[in-house]
Each structure stands twice: as structure tokens, then as C-alpha cells.
Amino acid sequence: MEFKPANNIQDLQYFGEFGGVNPSISDSSTYTFMKAKTMFDTFEGNTDGCYLYSRHTSPSNLYLGEALAAMEGTETANVAGSGMGAITPTILQICGNGDHLVSSRTIYGGTYAFLKNFTPRMGIETSFVDITKLDIVEASINENTKMIYCETVSNPLLEVADIRGLASLAKKYNLKLVVDNTFSPLSISPAQLGADVVIHSLTKFINGSSDTMGGVVCGSAEFINSQKSVIDGASMLLGSSMDSLRSSSILKNMRTLHIRIKQHSNNAAYLAEKFEADGLKTVYPGLKSHPSHEIFKSMMNNEYGFGGMLTIDAGSLDKANELMELMQDRNLGYLAVSLGFYKTLFSAPGTSTSSEIPEEEQAEMGLTDGLIRFSIGLDNDIERTYQMMKECMLEVGVLETEVTV
Ligand SMILES: *Cc1c(COP(=O)(O)O)cnc(C)c1O
């Protein structure tokens, strides 16, 4: 049966404490117990439906977690204060001293820095590989390997991981496949394709209003509960918890996620086709020229398209900067990192979000100086946007003026 993530979100029904149509916000960090024995049992993990302390769980966080688990089709989920606050405890819950993991080399800069510079201090080694080459991934697995880590659609080069292929490798070697799905919510559902754990930075498309940070780990009840254990759970003990006011606002924004993703995708597809036709080097998974186009198609939930992210190559960093400044002047978007906002956001990854990656490694993976990453907004008139962007490109010289004979 076809997986319908937006239906799963729609089908949740909540009543607030006073019959409100939104669930009540739990404005408390700590919770009372009528009996001392119940408090003891809760610490032992033996009571369901009892709240203890909001770093562990709050009602508002459970509501949001439930919606995200419904979206990914996992048993449960645990929200965190940021995307990194979801990623780091997941890695540390699975890997410890002496363990090894295989990671895509094109991942979010913060995750890359964590695996490259931080976890080696704890005796965790990472092999960074081209995740699109399953034979290379398999050859990197050794007897200490515990996990394969990747992004469904990678940042910033928009490489697409073959989740089914990676899941079968994970199964063969008894590893956990952990997938960061931040770039492709609704479009791709990694847990349905065999991923064990699915992570999102809620800061991006899922919240969509660039007003808060958030993260989530979606997985089996066994895994999520282990992360939340008061004895040795990495989420509980590292303490990146979300505040209830924020989780309630993110839950409200999730109700429009399906509409937003369709619009982001339609707009990005329109621009990508135009830019490519104009002769710009354009990377968008929806383009036939994209090396992972077919893989994306084979995994996608059709109605949501290929997502809102695309890149172009402006030729040089100077040209990229000039173009971005001009586009911001013309109010076509903001020169800002992050993604999923109603306005287009653009940045040059080499000097911003991926600057943690050394220059020679950037070159090797095809991350050029002139690369501009776009998170395409919800513009109602994308044709007008395109015309205005094209004018900017002509003015800056990223596009040549057409010579009429
Ligand atoms: C932004 C981002 C993160 C980190 O999330 P924060 O909410 O900024 O901590 C992780 N992965 C990807 C793909 C991202 O885009």
C-alpha cells in the first residue's frame, strides 16, 4: 500500500485540556506525583503516561514527536532542541570507544565537523565515502562498524542516497542505518525504505518559518527509549531538550507542511529547468541531467516533487557574492544560510555551511567556489521571480547577454 505521510499527520486528533482545538501547552518543567511510589516507578521506567521532568518528556513534546513519527511511519520519535541536538546523541547512543562508522562525505557541515574533529576524541572513527557507490560503502565496513550515516539528499551537492541499497548492506552486516532527511520531508520516507533511524532538523522545512531551532529522532520504541533512559540515554544525559512552547508552535506549522513542500518543489523545478536551459550549471534532483534523478524517482512519494533545494555555479566566488547581493537588493530572497523559509534563501556553501570541510576535500567532492545553494521560497508568481533573477544574472555577467544578429 502506498505510504501517505500527510494523511498520517492529518489523522491525528487532539483535544486541548479545555476542549481547545489545539492540544494544551504544558507550561511546566516538573510534574507532581500524588504518591511517592509512583515517582519511584517512573524513575525506574515502569509507568506509562507519567511525566517526571521536561528534559525527559513533556506532553507538548510527545504530541510533536507523535506527529513526526506518523510522518515517517516509525513507532515513535523524540524531539530535541536542534538538529545537531538530535544527531549527536544518536551517533553517541550507537557508537562508543573503539567503534567505527561509515558516513557519506557530503553531509551537513556541523555533522561532518562532529565526526571528523570531535568523536575521534572519544575513540570513534569515521570513514567518509561517496555514499552513492554501494561497493565503496561495503568495502569500508570492518568488524568494528556499527552504523552507516547519510543524508537522503545531501547538503549542499544534492547527491541522493540509495536508501534501499544501504538498508540491505546494513542488514547484511548488522549495522544501524541512520538517515538525516532534513532536505526531503514528505518527498522521501527513509524508514519505509529500510532506514532504522530517521533524523530531521526541524529548523528547516518542517517548521518552515525560520523562527526556531528543533530536531527529531524517529525510530523504534526500543531505540528511542534507550536514548531517553535516565541511566545511560544520550538524549537525556546530553540534555538538548526542546521547550514546550516551541514544540507546540512547530506542531501547528506541520499542518501546512504538505502544501508548502508542494509549492517549494514546483517553484524549484520551474527555476531549475529555466536556469539549465539558460546554460547555467544547475543541480536539481528533478532534472534528468542529475546523476541521482532515477534513484530519487524510485524512492519518492510522488505528489511532493523533488524538493525545494537547488544549486547553480556562478563561475567564481566573486561572481556568486555579487549575484547574491544583487538578488537580495532586488528583494528576491535573503543572503542567509538555512532552508525552508517562505522567501528564497541563498548562500555560498564553500565559505559558509560547508566551510568546515577543508578546501582540497571540497574540490574533490565537486564543491566549487562559485556554487550558490538556493532554498526556493513559496513565491506565488515564480515566473516573475525567474525574470527578475535572470536580469540579475545578466547584470552581473553570470549569464551572457544573448547576441541578436
Ligand atoms: C541544518 C541542518 C542540520 C543541523 O540542524 P540544526 O537545527 O541547525 O542544529 C543537520 N542536517 C542538515 C541536513 C541540516 O540542513
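Basis for what follows: all heavy atoms, side chains included, without hydrogens, waters or symmetry-related copies. Numbering of residues begins at 1 and proceeds along the displayed sequence. One-based numbering, in listed order, for ligands and for the atoms of each.
Interface atoms of ligand 1 facing E151, defined by a heavy-atom separation under 4.0 Å, are 13 (C). Listed by atom number, the atoms of ligand 1 under 4.0 Å from F183 heavy atoms are 13 (C), 15 (O). Near G214, meaning under 4.0 Å from one of its heavy atoms, ligand 1 places the atoms 7 (O).
Two rings, from Y53 and Y31, have their centers 6.0 Å or more apart. A centroid separation of less than 6.0 Å is found between the aromatic rings of H264 and F205. The distance between the ring centers of F306 and H293 falls below 6.0 angstrom. Separation of the Y284 and F275 ring centroids does not fall under the 6.0 Å cut-off.
Scanning the protein for heavy atoms near atom 8 (O) of ligand 1, the closest one is M213 CE, 3.4 Å. Atom 7 (O) of ligand 1 has T203 OG1, 2.6 Å as its closest protein atom, hydrogens excluded (heavy atom only). For atom 13 (C) of ligand 1, the nearest non-hydrogen atom of the protein is D180 OD2, 3.4 Å. Of all protein heavy atoms, the one closest to atom 9 (O) of ligand 1 is M84 N, 2.8 Å. The nearest heavy-atom contact from the protein to atom 6 (P) of ligand 1 is G83 N, 3.3 Å. Annotation: atom 2 (C) of ligand 1 to nearest protein heavy atom, K204 NZ, 2.4 Å. Of the protein's non-hydrogen atoms, Y108 CE2, 3.4 Å is the one closest to atom 4 (C) of ligand 1.
A cation-pi contact links K204 to Y108, judged by a cut-off of 6.0 Å to the six-membered ring centre and 45° from its axis. Cation-pi geometry between R121 and F118 is satisfied (NZ or CZ under 6.0 Å from the ring centre, within 45° of the ring normal).
Residues L193 and A167 approach most closely at O-CB, 3.7 Å, considering heavy atoms.
For ligand 1, the polar-atom distance check against T111 finds no nitrogen or oxygen pair separated by under 3.5 Å.
Within the structure, ligand 1 has I87 among the residues with a heavy atom less than 4.0 angstrom away.
Side chains of D318 and S316: no donor on one and acceptor on the other come within 3.5 Å.
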